[in-house]
Amino acid sequence: MFALVDCNNFYVSCERAFQPRLEGKPVVVLSNNDGCLISRSAEAKALGLRMGEPYFKVKDLIQRHEVRVFSSNYALYGDMSARVMHYLSSVVPEVEVYSIDEAFLDLHGMGRYHGDLATLAATMRYQIRKRTHIPVCIGIAPTKTLAKLANRLAKKSPLLNGVLHLDTPERVQWALEQTPVEDVWGIGGQYTQKLYSQGISTAAQLAAMSEGWARKQLGGVVGARLVRELQGTPCHGLAPSEDGSLSRKSIACTRTFAQPVSAFTDVVAAVAYFASRAAEKLRRQQSAANTLTVFISKNRFGTEPPPHTRSSVLTLPVATSDTVELLRYTRTALKRIWEPGAVYRKAGVILDGLETAGQQQLLLFESNEQAERRAKLMSDLDRLNERFGKNTVQFAVALPANIHAQVPWVGQSQWRTPAYTTCWDDLLFIRA
DNA sequence: TCTGGGGTCCTAGGACCC
DNA sequence: TCTGGGGTCCTAGGACCC
């Protein structure tokens, strides 16, 4: 049996945990750059505000209904997430942290110690609420895909008190019949259209199809697994996360610019900044990268036809996490795709082919001593930035030509709340 | 005027190797 | 006219997820 624990409207719930007066009011959280809506309270959803909608398009509606708006505060959300995951790991040995607000649990054999699984889930739900003020829902089923589906129904129906256990074939069938096909995990926009055009509109209808059909219609082996999972055969195991943090297979840092940029020096500085950030993340999870991708994009909403993005992939001679080295490759990659005169809106750096750090061979002609010096430089850099704050020490190439100007590749976030739990200066102040 | 930032997995084709 | 069978790596692109 698998359980899926999913935090309700997670970012909004994090903000509410520190401002209880927002309870019952419409609240939304915006993406980076205050661009789109990425988390909405139930009240905001009821007003018709949709996920991913650009803020500027719904600004009037938001003001008219006095919806509270927040910029995203990832320092806060990341820390709140860690608290939820830490609690789950204390109860269940096998936890897969699936995303910032979701975890799969392996409940195999847990019934022996805890009795009824639905009761165990209700306890976890209560404890998470008590400890973090984050509301969660829990779905339990024989496969991950069905646990997802159960979770969604637990969220929708208040009668279920946030927990649904699909413990009999009859309940599984009932749940499949309740679920529109587009709400199945793995069915996105393209497949929804395709399925509707073939008369398939519910999860139950999809579950009745053959594996061969699914393979042909839904992207090969991915579709075959999806249908098998709906039929109750597990095709996805649990990938337990050690220490409750995610170890990624690729690391990216990408941004839409606050203003369009067309000077080479500015774009160099932007991608150098992104590469520095990505390298920090890389060292934090003690990895080294084998490939580096740089991409630059023009306005994808304009009248110009695609492609809007050009990218350049470099395979590195030796995997590295050294910012100095990565910056050199970043510049090389950028030069390959640079078009003079173009106006760029977005850029990014992606590090791929990650492996465990410290197992790389020395670069040709480099002595042990040199390698150690480079490693020490990076760890000193990380320690300074950790202690005194992000960007305390930076590489000059990652700075704009005019260091007093507004940096175009660092977006606006007008409504960001304090990092209550991760920064001493931001501690919550309570008036007596 | 203003449209996010991460990730995953899979497929297919070409180059190259033995 | 006939012209193997595997394997890897790289790249690009497609679909999906939160």
Side-chain angles (χ1 to χ4, degrees), chain A residues 4-11 28-40 50-60 62 69 71-72 74 77-78 81 96-104 144-145 148 151-152 182-195 215-226 235-236 239 246-260 274 277-278 281 285 290-291 293 295 297-302 306-316 345-354 409-414:
Chain A
L4 175 66
V5 180
D6 190 345
C7 303
N8 305 355
N9 318 326
F10 182 57
Y11 299 162
V28 299
V29 175
L30 303 182
S31 66
N32 213 288
N33 225 356
D34 293 337
C36 300
L37 277 55
I38 53 170
S39 183
R40 305 154 298 150
R50 289 196 308 269
M51 181 68 179
E53 204 151 31
Y55 171 69
F56 75 89
K57 286 192 181 170
V58 287
K59 198 171 166 185
D60 286 347
I62 280 177
V69 177
S71 304
S72 35
Y74 289 105
Y77 310 152
S81 169
E96 175 185 342
V97 177
Y98 177 70
S99 72
I100 195 164
D101 65 346
E102 279 173 275
F104 284 105
K144 282 178 149 184
T145 307
K148 269 276 196 189
N151 186 288
R152 183 185 151 276
E182 63 268 30
D183 290 338
V184 172
W185 191 35
I187 300 297
Q190 305 290 315
Y191 291 159
T192 298
Q193 275 194 8
K194 197 164 176 180
L195 292 169
R215 194 177 283 272
K216 203 172 279 170
Q217 301 295 320
L218 303 176
V221 65
V222 179
R225 282 184 197 142
L226 194 160
C235 300
H236 301 290
L246 288 166
S247 194
R248 328 228 70 140
K249 297 178 175 173
S250 72
I251 285 176
C253 183
T254 72
R255 289 283 179 284
T256 298
F257 304 141
Q259 296 104 41
F274 302 150
R277 289 250 87 98
K281 293 190 211 172
Q285 72 162 49
N290 275 296
T291 70
T293 305
F295 74 80
S297 307
K298 302 178 212 168
N299 183 13
R300 68 192 163 110
F301 299 103
H308 302 116
T309 299
R310 295 191 68 187
S311 67
S312 158
V313 184
L314 291 187
T315 301
L316 311 184
R345 310 294 285 243
K346 178 178 177 171
V349 171
I350 303 162
L351 301 175
D352 248 314
L354 305 193
W409 51 92
V410 173
Q412 291 289 354
S413 34
Q414 278 191 68

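Residue A:N33 is out of contact with every strand shown, counting any heavy-atom pair closer than 4.0 Å. A:R345 comes within 4.0 angstrom of sugar-phosphate atoms only, judged by non-hydrogen atoms across all strands, and of no base. Within the 4.0 angstrom heavy-atom criterion, only backbone atoms of the sugar-phosphate kind lie near A:K249; the bases stay farther away. Counting any heavy atom pair closer than 4.0 Å across all strands shown, A:K281 reaches sugar-phosphate atoms only and no base atom. Using a 4.0 Å heavy-atom criterion, one finds that A:I251 contacts the sugar-phosphate atoms exclusively. Within 4.0 Å (heavy atoms only), A:D34 reaches no atom of the nucleic acid at all. Nucleic acid contact for A:Y191: sugar-phosphate only, since backbone atoms but no base atoms lie under 4.0 Å from a heavy atom of the residue. Within the nucleic acid shown, A:E102 comes within 4.0 Å of sugar-phosphate atoms alone, with no base atom in reach, counting heavy atoms only. Residue contacts for A:V58: at a heavy-atom cut-off of 4.0 Å it reaches no nucleic acid atom on any strand shown.
Checking the phosphate oxygens (OP1, OP2) of B:dG5, no side-chain nitrogen or oxygen of A:S31 falls inside 4.0 Å. Considering only side-chain N and O atoms, A:K148 lies nowhere under 4.0 angstrom from the phosphate OP1 or OP2 of C:dC16. For B:dG4, one of the phosphate oxygens OP1 or OP2 lies less than 4.0 angstrom from a side-chain nitrogen or oxygen of A:R300. For C:dC9, the OP1/OP2 oxygens have no side-chain nitrogen or oxygen of A:T315 closer than 4.0 Å. Proximity of A:R225 to the phosphate of B:dC9: no side-chain N or O atom is located under 4.0 Å from OP1 or OP2.
When side chains are defined from C-beta on, A:R225 counts as touching A:H236, because their heavy atoms get closer than 4.5 Å.
In this structure, A:K346 fails the cation-pi test against A:F257, since its NZ or CZ atom is not both closer than 6.0 Å to the six-membered ring centre and inside 45 degrees of the ring normal.
Between the side-chain ring of A:F56 and the base of B:dT1, no stacking contact exists by the 5.5 Å and 30° definition.
With both pairing distances under 3.5 Å, B:dC18 is matched to C:dG5 as a Watson-Crick or G-U wobble pair.
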